[in-house]
Colleague: 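Below you'll find the structure I mean.
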Amino acid sequence: MTSWARTMTVAPSTSIRVFVVVGPPGRVMAHPFAPPKETDVDTDLGASQREHWQSTYERHPHMYGADPSEPARRALEVFTARGAHTVLELGAGHGRDALWLALRGLRVHAADFSATALEQLARTAQEQGVAERVDTHLHDARTPLPLADNSVDGVFAHMLLCMALTTTQIHALMNEIGRVLRPGGALVYTVRHTGDVHYGTGISHGDDIFEHGGFAVHFFDRALVEDLAAGWDLAEVEPLEEGELPRRLWRITQTKPALH
């Protein structure tokens with residue numbers, strides 16, 4: 001396997017470091033289970049979803065507004081209670097949550113697969129005076145994270161794990177999260193679940209992935225949540241609703257066991 005990296009400037013004094021891996025996936029932490037093998041999943045779905053999100057951010061800049069999400073507020077409480085200083089947000093988009101966390105004193109690694117969204121985030125970080133506390137990473141969740149082992153105190157992901165990822169890819173991503181998270185650190189993430197009104201409807205891509213309006217969602221059941229918490233301390237699975245539909249979510253908090 002070979003890899004290379006380059007830096008792409010997206011705003012004054014702000015850059016995105018792009019990591020490209022050629023060959024099989026990078027090292028993945030051992031896990032005490034074998035993830036299930038999905039069948040009949042559209043292998044081109046991830047690429048088409050990336051293009052769809054890129055186009056959406058181009059047509060609707062700052063589409064989610066400036067106010068933080070409720071899960072981000074909860075994540076800050078969790079991170080603060082654990083004395084976190086550096087955190088990673090997966091699926092940061094144009095940055096409403098990443099920037100809010102940075103404004104509250106955290107150092108934030110903001111990762112997303114849309115260059116357009118990260119350009120919007122970087123410009124806003126400059127405008128808000130937090131560019132020095134925000135690092136942007138152009139990153140596809142199906143590839144290894146561009147961070148060192150045990151390098152962040154917390155990880156936040158609002159509806160990133162339930163995007164167009166297969167079950168195997170979700171397990172691999174969880175292993176990567178565990179790799180970069182320091183012992184004792186917390187992961188706070190949200191997913192749409194099988195109690196959502198859209199589950200089982202729209203275009204089926206297999207593996208509990210259904211597409212509506214061009215957006216594909218992997219709907220979680222409780223068994224998947226439990227599988228992903230293997231080797232972690234599962235602290236909370238909290239139901240919540242968001243949006244006009246409403247979308248039905250779980251907010252999950254789990255921690256990486258501390259070293260003894």
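Throughout, residue positions are numbered sequentially from 1 according to the sequence presented.
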Colleague: Count I, L, V, M, F, W, Y as connected when their side-chain heavy atoms are under 4.5 Å apart, and connections chain through other members. Are Val225 and Leu240 then in the same cluster?
Modeller: no
Colleague: Determine whether a donor-acceptor pair (N or O, by modelled atom type, separation under 3.5 Å) exists between the side chain of His109 and the backbone of Pro146.
Modeller: no
Colleague: Rounded to the nearest 0.5 Å, what separates atom CG in Leu88 from atom CG in Leu181?
Modeller: 9.0 Å
Colleague: Are the side chains of Gln254 and Met174 in touch, meaning some heavy atoms are under 4.5 Å apart?
Modeller: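 Side-chain contact under 4.5 Å: yes.
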Colleague: Enumerate the salt bridge (charged side-chain N to carboxylate O under 4.0 Å, His left out) contacts for residues 186-195, please, sequence neighbours excluded, ordered by first and then second residue.
Modeller: Arg192-Asp196
Colleague: Could you tell me which non-hydrogen atom of Ser114 sits nearest to which non-hydrogen atom of Ala117, and how far apart they are?
Modeller: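 Looks like OG-N, 3.1 Å.
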Colleague: Can you give me the closest heavy-atom contact between Ala98 and Val108, atom names plus distance?
Modeller: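 Heavy atoms of Ala98 and Val108 come nearest at O-CG2, 3.7 Å.
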Colleague: Donor-acceptor pair, distance only, cut-off 3.5 Å: does the side chain of Glu241 make one with the backbone of Pro246?
Modeller: no
Colleague: What residues form a side-chain contact (heavy atoms from CB on, under 4.5 Å) with Thr255, not counting sequence neighbours?
Modeller: Arg82, Ala186, Asp233
Colleague: Determine whether His205 and Val217 make a side-chain contact, defined as any pair of heavy atoms from C-beta on separated by less than 4.5 Å.
Modeller: no
Colleague: Without swapping roles, check the side chain of Glu176 against the backbone of Leu145 for a donor-acceptor pair under 3.5 Å.
Modeller: yes
Colleague: Once you round to the nearest 0.5 Å, how far does CE of Met159 lie from CG of Leu90?
Modeller: 14.0 Å
Colleague: If you round to the nearest 0.5 Å, how far is CG of Leu99 from CD of Gln128?
Modeller: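 Gln128 atom CD to Leu99 atom CG measures 5.0 Å (nearest 0.5 Å).
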Colleague: Heavy atoms only: give me the nearest Ala84-Leu106 pair and the separation to one decimal.
Modeller: O-CD2, 3.3 Å
Colleague: When you compare the side chain of His137 with that of Leu147, does any pair of heavy atoms fall below 4.5 Å?
Modeller: yes
Colleague: May I ask you to decide if Trp100's main-chain N or O and Arg104's side chain share a donor-acceptor pair within less than 3.5 Å?
Modeller: yes
Colleague: Working to the nearest 0.5 angstrom, can you tell me the gap between His218 NE2 and His193 NE2?
Modeller: 14.0 Å
Colleague: Do Thr166 and Asp207 have side-chain atoms, one donor and one acceptor, less than 3.5 Å apart?
Modeller: no
Colleague: Taking atom CZ of Arg133 and atom OG1 of Thr86, what is their separation to the nearest 0.5 Å?
Modeller: 11.5 Å
Colleague: For Ala75 versus Phe156, what's the shortest heavy-atom pair and its separation?
Modeller: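 Of all heavy-atom pairs spanning Ala75 and Phe156, the closest is CB-CD1, 3.7 Å.
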Colleague: Look at the side chain of Arg142 and the backbone N and O of Leu173, then say whether any donor-acceptor pair between them is shorter than 3.5 Å.
Modeller: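 Not confirmed, Arg142 side chain does not pair with Leu173 backbone.
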Colleague: Main chain of Gln120, side chain of His94: is a donor-acceptor contact present, judged purely on distance under 3.5 Å?
Modeller: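 Absent.
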Colleague: Do Pro239 and Arg248 come close enough that some side-chain heavy atom pair is under 4.5 Å?
Modeller: no
Colleague: Might you work through the side chain to side chain contact (heavy atoms under 4.5 Å, CB included) test for Phe220 and Leu228, ending with a clear yes or no?
Modeller: CA-CA 11 Å; Phe220 276 46; Leu228 293 172; 3.5 Å; yes
Colleague: Could you tell me whether a side-chain N or O of Thr190 sits under 3.5 Å from a main-chain N or O of Arg251, the two making a donor and an acceptor?
Modeller: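 No.
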Colleague: Determine whether a donor-acceptor pair (N or O, by modelled atom type, separation under 3.5 Å) exists between the side chain of Thr80 and the backbone of Glu77.
Modeller: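 No: the side chain of Thr80 does not pair with the backbone of Glu77.
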Colleague: Would you sort out whether Val152 and Val87 count as a side chain to side chain contact (heavy atoms under 4.5 Å, CB included), showing the intermediate values?
Modeller: CA-CA 5 Å; Val152 298; Val87 300; 5.8 Å; no
Colleague: Tell me if a side-chain donor or acceptor on Arg182 pairs with a main-chain N or O of Ser151 at a distance below 3.5 Å.
Modeller: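 Here the side-chain-to-backbone pair exists.
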Colleague: So, His212 side chain and His198 main chain: donor-acceptor pair closer than 3.5 Å or not?
Modeller: yes
Colleague: Not counting sequence neighbours, which residues clear ring pair (Phe, Tyr, Trp, His ring centres under 6.0 Å) with Tyr199? List them please.
Modeller: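 Once residues adjacent in sequence are excluded, the partners of Tyr199 under the ring pair (Phe, Tyr, Trp, His ring centres under 6.0 Å) criterion are Phe210, Phe219.
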Colleague: Would you please test Arg74 and Glu236 for side chain to side chain contact (heavy atoms under 4.5 Å, CB included) and show each step?
Modeller: CA-CA 12 Å; Arg74 173 58 181 160; Glu236 178 184 56; 3.7 Å; yes
Colleague: Assess whether side chain to side chain contact (heavy atoms under 4.5 Å, CB included) is satisfied between Trp232 and Lys256, documenting all intermediate values.
Modeller: CA-CA 5 Å; Trp232 298 69; Lys256 181 177 176 178; 4.1 Å; yes
Colleague: Between CG of Leu118 and NE2 of His139, what distance do you get to the nearest 0.5 Å?
Modeller: 11.5 Å
Colleague: Is there a path from Val78 to Leu249 through hydrophobic residues (I, L, V, M, F, W, Y) whose side chains come within less than 4.5 Å of each other?
Modeller: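 Not linked; separate clusters.
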